[in-house]
Amino acid sequence: MEDMKTKKKKKKHTAALIIMIVAILALAALVVINPFESLIAKIQAATDTTVTTETTKVSVKVLQVETSGIDQVIEGNGNVIDPSSLNVYPEVAGTMTELLVDVGDRVEKDQVLAVVDPSRAGMVYKKSNVTSPSAGTVLALSFVEGATVSQQAPIVRLGLIDDLEVVMNIAEQYIGDVSIGTKAELSFASYPSQTFTAEVTFLSPVLNAASRTMEIHLTIDDPEGKVKSGMFPSVKLLIGHKEGVISISRSAVVYEGIQGYVFIADGNGLAAKKAVTTGIQVGEMIEITKGLSAGDSLIIEGQTLLADGAELNIVQ
């Protein structure tokens, strides 16, 4: 009986030992042979290929650089005035019973502008007409009908509109660039599609000590009489002209600190970063005095995303 039990225990131990040996051999074979090695290698190779072959190209637009002419200008704002305006006073004090004009009306010499009744309580006097001393345009009215007026206060401000001028101030640094006869261009919000010409006719002999500016006057060429006293034009004083210069859009220049750079397409599909020196600025254009040459393919859109040597996708 005991022999039988002993034999069964030996069989179990033998079976367990065989199973353990088989498991160890299988594990060793898996480590040595590694059936997944080729699959892992293929996946790794595919990944490496994707990384090395897929490079990001930056889409940009380019413009061939050319030389052209550029105007040197001083830009500012002005105020249209009538230098020949005059005030009209009544000859007597009393009540203004009639006001016969409105602001903007054109009047002729000796035209009646208003009527003043000098009568007082218990005393009746002949009414007095206020007449225009000259032909012109009504710029301002100081009183309304029914108001009390006197010889010391003007009733009407009259302008001789044929001689309108623009007054503006220029910074001290530009005083040497402006002289009598300097030409200018004026633009008004009321006439957005039209440019008016003007000419400097007066330079103040003194400088404003507080603002460090000098007052100048310009005569306007306005044969149709469109410009009105009190309007505010944008002024461009034309102080010089350069030919054969390179001027580009200011937006094409990127800055690192105070140094300006542009990017060009180098012909091999790569971006080349170039330091530039800038000159005068006129509106949205800026002169490039150093760093660009005629014929360069200047990148005008997408340059803010570029680095030197970046691959380009040039679009039209």
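With 3.5 Å as the limit, one finds no donor-acceptor pair spanning the side chains of T213 and N208. With no hydrogens or angles considered, a side-chain donor-acceptor pair links T219 and T201 at under 3.5 Å. Using modelled atom types and a 3.5 Å distance limit, the side chains of T131 and N129 yield no donor-acceptor pair. Counting only N and O atoms by type, the side chains of T95 and T97 include no donor and acceptor under 3.5 Å apart.
Counting only heavy atoms from C-beta outward, the side chains of R250 and Q281 approach each other to under 4.5 Å. In this structure, the side chains of I180 and L203 come closer than 4.5 Å at one or more pairs of heavy atoms. In this structure the side chain of L139 reaches within 4.5 angstrom of the side chain of D82, judged on heavy atoms. The closest side-chain heavy-atom distance from I288 to T278 is below 4.5 Å. A 4.5 Å side-chain heavy-atom check between L237 and V73 finds every atom pair outside the cut-off. Inter-residue side-chain proximity for V107 and T137 is flagged as unmet; no heavy-atom pair is nearer than 4.5 Å. Within the 4.5 Å cutoff, the side chain of K61 has no heavy atoms near those of the I299 side chain. Put simply, the side chain of K242 reaches to within 4.5 Å of the side chain of E287, judged on heavy atoms.
Residues F188 and F196 place their aromatic rings such that the two centres sit under 6.0 Å apart.
Counting heavy-atom neighbours within 6.0 Å of E75 CD, excluding the residue itself, gives a total above 12. Residue E243 qualifies as enclosed at atom CD: its count of foreign heavy atoms under 6.0 Å is above 12. Taking a 6.0 Å sphere around OH of Y261, one finds it holds more than 12 heavy atoms contributed by other residues, nucleotides or ligands.
Residue I220 is grouped with residue V178 when hydrophobic side chains (ILVMFWY) are merged at heavy-atom distances under 4.5 angstrom, including chains of intermediate members. When hydrophobic clusters are built by joining Ile, Leu, Val, Met, Phe, Trp and Tyr residues whose side-chain heavy atoms come closer than 4.5 Å, directly or via intermediates, I155 is grouped together with L141. The same ILVMFWY cluster, assembled from side-chain heavy atoms under 4.5 Å apart, contains both L298 and I286. By the criterion of side-chain heavy atoms lying less than 4.5 angstrom apart, applied directly or through intervening Ile, Leu, Val, Met, Phe, Trp or Tyr residues, V253 is grouped together with L292 in one hydrophobic cluster. Residue V62 is grouped with residue V254 when hydrophobic side chains (ILVMFWY) are merged at heavy-atom distances under 4.5 angstrom, including chains of intermediate members.
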* Might you work through the side chain to side chain contact (heavy atoms under 4.5 Å, CB included) test for S132 and L158, ending with a clear yes or no? => CA-CA 8 Å; S132 174; L158 197 64; 3.2 Å; yes

* **Working for side chain to side chain contact (heavy atoms under 4.5 Å, CB included), residues T197 and K183** => CA-CA 7 Å; T197 58; K183 305 298 182 182; over 6 Å; no

* **From CA spacing to verdict: side chain to side chain contact (heavy atoms under 4.5 Å, CB included), M168, L218** => CA-CA 8 Å; M168 71 175 294; L218 303 99; 4.1 Å; yes

* Would L306 and L312 satisfy side chain to side chain contact (heavy atoms under 4.5 Å, CB included), going step by step from the backbone distance to the final call? -> CA-CA 9 Å; L306 293 176; L312 303 176; 3.7 Å; yes

* Before giving the answer on salt bridge (charged side-chain N to carboxylate O under 4.0 Å, His left out), spell out for K274 and D296 the whole-Å C-alpha distance, their side-chain angles and the decisive distance to 0.1 Å. => CA-CA 11 Å; K274 303 186 72 174; D296 285 343; 3.8 Å; yes

* K236 and E185: CA distance, side-chain angles, deciding distance, salt bridge (charged side-chain N to carboxylate O under 4.0 Å, His left out) verdict -> CA-CA 5 Å; K236 288 183 179 180; E185 294 179 350; 5.3 Å; no

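In this structure, the side chain of T289 engages the main chain of T277 through a donor-acceptor pair within 3.5 Å. Judged purely by atom type and a 3.5 angstrom limit, S204 uses its side chain to pair as donor or acceptor with the backbone of V206. Looking at D117, its side chain does come within 3.5 Å of a backbone N or O of S119 through a donor-acceptor pair. At least one donor-acceptor pair closer than 3.5 Å links the side chain of Y191 to the backbone N or O of K226. Between the side chain of Q303 and the backbone N or O of E301, at least one donor-acceptor pair lies under 3.5 Å. For D222 (side chain) and V227 (main-chain N/O), a donor-acceptor pair under 3.5 Å exists by modelled atom type.
With values rounded to the nearest 0.5 angstrom, M285 atom CE is found 9.0 Å from S251 atom OG. To the nearest 0.5 Å, atom CD1 of residue I175 and atom CD1 of residue I74 are 10.0 Å apart. Considering OH of Y174 and CD of Q72, their distance stands at 10.5 Å, rounded to 0.5 Å. Note that CZ of R212 is 4.5 Å distant from CD of E172, once rounded to the nearest 0.5 Å. Note that CZ of R120 and OH of Y125 are 5.0 Å apart. Values are rounded to the nearest 0.5 Å. Annotation: the span from S134 atom OG to K109 atom NZ amounts to 7.5 Å, rounded to 0.5 Å.
The nearest pair of heavy atoms linking V80 to P233 is CG2-CD, 4.0 Å. Closest approach of A93 to V116, counting heavy atoms only: C-CG1, 4.2 Å. The minimum heavy-atom distance between S234 and N77, with the atom names listed, is OG-OD1, 3.6 Å. Across all their heavy atoms, E165 and P83 have their closest contact at CD-CG, 3.7 Å. Across S85 and R157, no two heavy atoms sit closer than the pair OG-NH2, 3.1 Å. Contact between P118 and V92 at its shortest, heavy atoms only, is CB-CG2, 4.0 Å.
Taking a cutoff of 4.0 Å between a charged side-chain nitrogen and a carboxylate oxygen, E256 and K273 qualify as a salt bridge.
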